[in-house]
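Heads up, the thing below is written out as structure tokens.
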Amino acid sequence: MIRNFLTFVFVIILIWGSAIKTGVSFSSFVRGLPNMWTLIAEMFPPNWHYFSYITKPMLETIRMAVLGTTAGGVAAIPFALFSSRNVVRMPMIYYPARFMMNLIRTIPELLLAALFVPILGIGEIPGILAIAVFSFGIIAKLAYESVEAIDTGPLEAMTAVGANKIQWIFFGVVPQVTAQFMSYFLYSFEINIRSAAILGYVGAGGIGLYLNNTLSFFQYDRVLTIIIYTLVVVIVIDFISNKIREKLL
Amino acid sequence: ACGSGNEKTSGEAKDDYVPKELKIGFVPSQNADTLEAKAKPLANLLQKELKIPVKVTVTTDYNGVVEALGSKQLDLGFLPPTDYVMAHKKGYADVLLQALRYGVNPKDGSNTSQLVDWYKSIILVRKDSNIKSLKDLKGKTIGWQSPTSSAGYVWAAVEMKKHGIDAQKDVKGVQLQGHDKAIEALLNGDVDAVAVFSDARNIVKGEYPDVFKKTRVLYTTAKIPNDTISVRPDMSKKWKDKIANAFVKIGKDPKGRKIIESIYSHVGYTKSKDSHFDIVRQYNEKVKDIGK
Amino acid sequence: MNQAVINKTPKKPLKRRIKNWTILIAVVLIYLWAFIGMPDINIKDSAGQAIKAIISGLFHPDWGYIYDPGGEDLIHALMETLAIAVLGTFISAILCLPFAFWAARNMSKHQWISNAGKFVLSAIRVFPELIMALLFIKSVGLGPFAGILALGFHSVGMLGKLFGEAIENMDFGAAEALTASGANRIQTLWFAVIPQVMPAFLSYTLYRFEISVRSAAILGIVGAGGIGAPLIFALNAHSWNRVGIILLGIIIMVTVIDFISGSIRKRLV
Amino acid sequence: MIEFKNVSKVYPNGTVGLKNINLTIERGDFVVIVGLSGAGKSTLLRSINRLHDITEGEILIDGKSITAARGKSLLSIRRDIGMIFQNFNLVKRSTVLRNVLSGRVGYHSTIRTLLGLFPKHDIELALNALERVNIKDKAYHRADELSGGQQQRVSIARALAQEAKIILADEPVASLDPLTTRQVMDDLKRINRELGITTIVNLHFIDLAREYATRVIGVRAGEIVFDGPVEEATDEKFSEIYGKPIDEDELLGEAK
Amino acid sequence: MIEFKNVSKVYPNGTVGLKNINLTIERGDFVVIVGLSGAGKSTLLRSINRLHDITEGEILIDGKSITAARGKSLLSIRRDIGMIFQNFNLVKRSTVLRNVLSGRVGYHSTIRTLLGLFPKHDIELALNALERVNIKDKAYHRADELSGGQQQRVSIARALAQEAKIILADEPVASLDPLTTRQVMDDLKRINRELGITTIVNLHFIDLAREYATRVIGVRAGEIVFDGPVEEATDEKFSEIYGKPIDEDELLGEAK
Ligand SMILES: Nc1ncnc2c1ncn2[C@@H]1O[C@H](COP(=O)(O)OP(=O)(O)OP(=O)(O)O)[C@@H](O)[C@H]1O
Ligand SMILES: Nc1ncnc2c1ncn2[C@@H]1O[C@H](COP(=O)(O)OP(=O)(O)OP(=O)(O)O)[C@@H](O)[C@H]1O
Ligand SMILES: [Mg+2]
Ligand SMILES: [Mg+2]
């Protein structure tokens, strides 16, 4: 009880101190709100003509995202399992695995690009690889947390039937997390499509580049077109992913 | 003046704004191997001259500075020429000064001792390349920067057109982000030529010590105006002058210059006016015809 | 084995098999499309030399940047980043709650309600961070506050989605028990849902916090003063020693946060 | 009084849970529902307090239709119906006491319950209920630290603490030892008799049914196949209810 | 043969589960363990296949110490012990058939099981097991679509399909109707007799214990208070085992 209370107080102090340090001011936010509308107004109406123009980069982005996310997602599976305390019970394994995971997540996109361009040149390959590394970070982290939270009953049952570790994982862990894993996978796919800036850094084109270009021309109506286009794509992905999750599992 | 979109109105806007505190937005320009870009040294220098509090914010993106100027959240911003032209058109900014830098020695990229308010774009090829003139670029792959980049696209493309090469139709373009990436792609053989500022090769000297030996300047463009220092248009005339003088003074003062040189790679400031950027407008106009 | 038993053996329902096959074929087609036109991988000659330079730079961090009397150094920048991330995460953790419950399938009677919630969350996520940042720059100017708001509002999309799914995944039995005893919705949430989803909420929030710490780009754009801008400058200028020390700082900070948050989580769960 | 009028329930996957049930249960009855596993006993019980929405028909509680009830009135009907779940439905991460107290929330304002400000009376009630099922000493343990039978008893205590007018108990003694079984059944019987609380219990034990019920209802493949006072529930009748295993076509009745 | 040598188990929160148990169970025995709820029956059962690590002592299965076993040898000991869980422990998202088949994985190479390439024999075995407990028609349903008793039966089918030499059953019939109860117990008894499979069952029903057991073990607060052939398990003995509710100090024996 007291501990919870102290934790609570700690969090409050943290928030309060941060607010002071960063000069948060609610009133200036409210005062400044109308300024936001001038920018939003510039976005309307969207430039419908621009749609046809961005279809190709959008498809390219999707294509690279499919490959990159898949590679990252596949690589994430062993890491997610090795990082989970309830799967490998040895700190010798799960601590290093988690550390690797955290380390890879910390690499900024720009540094990834700086590393890949000298090795692989510019173009799709480094783009896909960069997406893969990025997706790996997200999927591994989220998947590992859901593995740690599974119901232990079926695990016990698999232990009791004498399953070896791999069978134990496949019959006890996997069915319980597949749905969540799929959803993290698709979530990461979605991120890769909408914030494909990394593709631009390695000269792989993609929709992120178009967003930057339209922005640097202050063509906010085209920005809105890109947003709407991305939204449509994301909704379609969402729809498909829900169907897959419902039907397959 | 906000949103008038008309040059004249913004020029004649009521000069009534008197800053109580000067808010500055600073984006280190791309054509400098800047790495410090601290906010406080500049703020301190200006504060001493202006006798009002000065707040400098260092950011990585010009859009933010332009939009902040537009909504009067910022009094003064460092803008590259293209962004300045666009901001001015929106009625968001009037130019006050331009930054001065040392000229660049075309051979090895080292600094000359000359102080200039312009820089140039170069088209680079590999030393052993059989591209000997702009004409030879036909059918080759060129690495560009963003289509708004003066050195990375506009200047090179417009001047290529003058020589009969259409940057959209006659060559295969690849858009890259970063002049450093462009040079790496050139060294790698991913592209046959790149348009970069003079001299971007310095950025990658660490990884590729022989970059100057392996590449060759195919073409050098006309001058591009240096970064501007622009203010919100409704700033009072008196304060515009006061600020401009303060900057110039800092650049002339040896101690001040040492600071701005080491931290911002500026070596001084010179007064400027909007007409200096007509050349930018011309190029931006011409670049629209490319590919048509 | 007796014949009758075999005959009565139920078959996998045909409808489901057709659906599975359709999905499988669709997935295969997508991958075929994605793979076709992928260029060959070829390693560049320059790789060794360049990577060596980068790595050696990263491993020789610029220790001088850690502390600077002027106050614009690694430690100050990290502290500022931390403060921004705390507040940004706080805002989003609060704001996303209604969205999460709105979007969770098992919290509303009609599917269209939760679908609408999911749509809104998608729309928030799709709205680019960059534009979000510009909007807030326009309203509060450059600086940390704009960064906080941009981070806070942008991450509502992600947190809302993940929270919503955590709610969908929970065991519904306990909530049923509360419903059966006549508890209203809020009471049901408080007594049966919250205790169950709390661990997931906490860990997603902490994950989001960590992302916020690492959101150099958005913090650089708004001039938030954190570690974002220096990191981007150092990367653009290929100053690997500086990149090295900054990354080291971030890694240490994230690890410490991870440790602290881990023990807080243990306490609260 | 609980009235079922032409009640049917089809699960989304097509399984028929209940088929055209008509039934009246009087106030103060002690009804035991028996039937094979999968016959629809739980479905029947859960439709009374509308944990499952029925697909056809109407259910009236003391003359008020719970099928049509909305908002506050639905809540207050439910508050007066306590339920003991077959699979306990405890919040595993919360303490035993908090689980039991959660049965009391229907009596207090939202804000009060959220702050955890239960009146002393409620806490006593909760501890009393735990005492009755012999696990008062576990009051401050987390629910997932308990043995199977202990968890079941927490679930019973929660329903007892609710002070409802109707109690629905879904196999309340399945995981209990004979001694605790007897105590729980005695308790249910006593509150049934003393307070006139209508009690409906799903049970698998014929002897317990005989001993405690005033009325027995036999369910088979979603239909009521026996309904009468306990005296009429002869061995014969029971073997009719359980009789032979349910035929496949009886059980797998997919909705057309 | 199962031997307990000075076995004790203390839970991390201090609750004593088992206190210095010494016990030998012969091959082919049909042992029923009885005791109050919370007495330690599940704990005893689970320590046999080392689902719980015991804190003291040693357990031998056919002369091999499971307490010391590692790697492959532990797996093969476990494969030969089937378990029916009190709370079923099914993978709710998987189909019934897959749940049952998961009991067979110990017999096949890893790769084969991962690809789902169970031999036809196994699938027949699984369907047969489901048939025995009367839910073959649900083979392709998801486990969470089943009623409580049906889930329990899936858990039984999994253990039957495992073709183990020892079966541990933790209240296998708690949620079953009398008919299915009888079928399940008959089945357990038959395989016990015909195949000589040692069977240990936790039960709450004295009559069932009497009818099926060859030996009865009474547990009380983590200690064995009765152990003998079924004939000796008189009513008196039972009431000694259950007798009075366990005193608080007996139950709350926190480890010092
Ligand atoms: N995971 C656990 N952590 C702490 N204590 C536990 C845990 N599991 C069981 N216990 C305690 O150990 C004691 C014995 O539990 P056990 O599950 O063996 O009882 P049981 O005889 O199987 O009872 P039941 O018939 O109710 O299932 C109980 O007091 C219980 O509260
Ligand atoms: N959520 C569900 N979805 C689909 N079918 C269900 C669902 N719940 C129950 N059923 C099916 O409905 C039928 C009746 O189930 P119910 O739970 O009412 O049985 P029961 O009589 O309580 O059995 P038990 O004694 O085993 O608990 C069963 O065939 C069961 O498989
Ligand atoms: Mg039931
Ligand atoms: Mg037990």
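First the proteins, then the strands, lettered A, B, ... as listed; each starts at 1.
The side chain to side chain contact (heavy atoms under 4.5 Å, CB included) search around A:Ile237 returns A:Leu186, A:Phe189, A:Ile193, A:Val233, not counting sequence neighbours.
Put simply, of B:Val174, B:Val66, B:Val191, the one with the most heavy-atom pairs under 4.5 Å next to chain A is B:Val66. When the candidates A:Gly205, A:Ala113, A:Pro118, A:Gly203 are compared by the number of heavy-atom contacts under 4.5 Å with chain B, A:Pro118 comes out ahead. For chain B, the option among A:Leu215, A:Ile122, A:Val202, A:Val117 with the highest count of heavy-atom pairs below 4.5 Å is A:Ile122.
For A:Ala204, no part sits under 4.5 Å from any heavy atom of chain B, backbone or side chain.
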If you check both backbone and side chains, which donor-acceptor pairs between chain B and chain A fall under 3.5 Å?
unit_1	atom_1	unit_2	atom_2	d
B:Asn63	ND2	A:Leu215	O	2.8
B:Glu67	OE2	A:Tyr220	OH	2.4
B:Lys90	NZ	A:Glu42	OE1	2.7
B:Thr148	OG1	A:Ser216	OG	3.2
B:Gln175	OE1	A:Asn213	ND2	2.9
B:Gln175	NE2	A:Asn213	OD1	2.9
B:Asn188	ND2	A:Val117	O	3.1
B:Asp190	OD2	A:Ile122	N	2.6

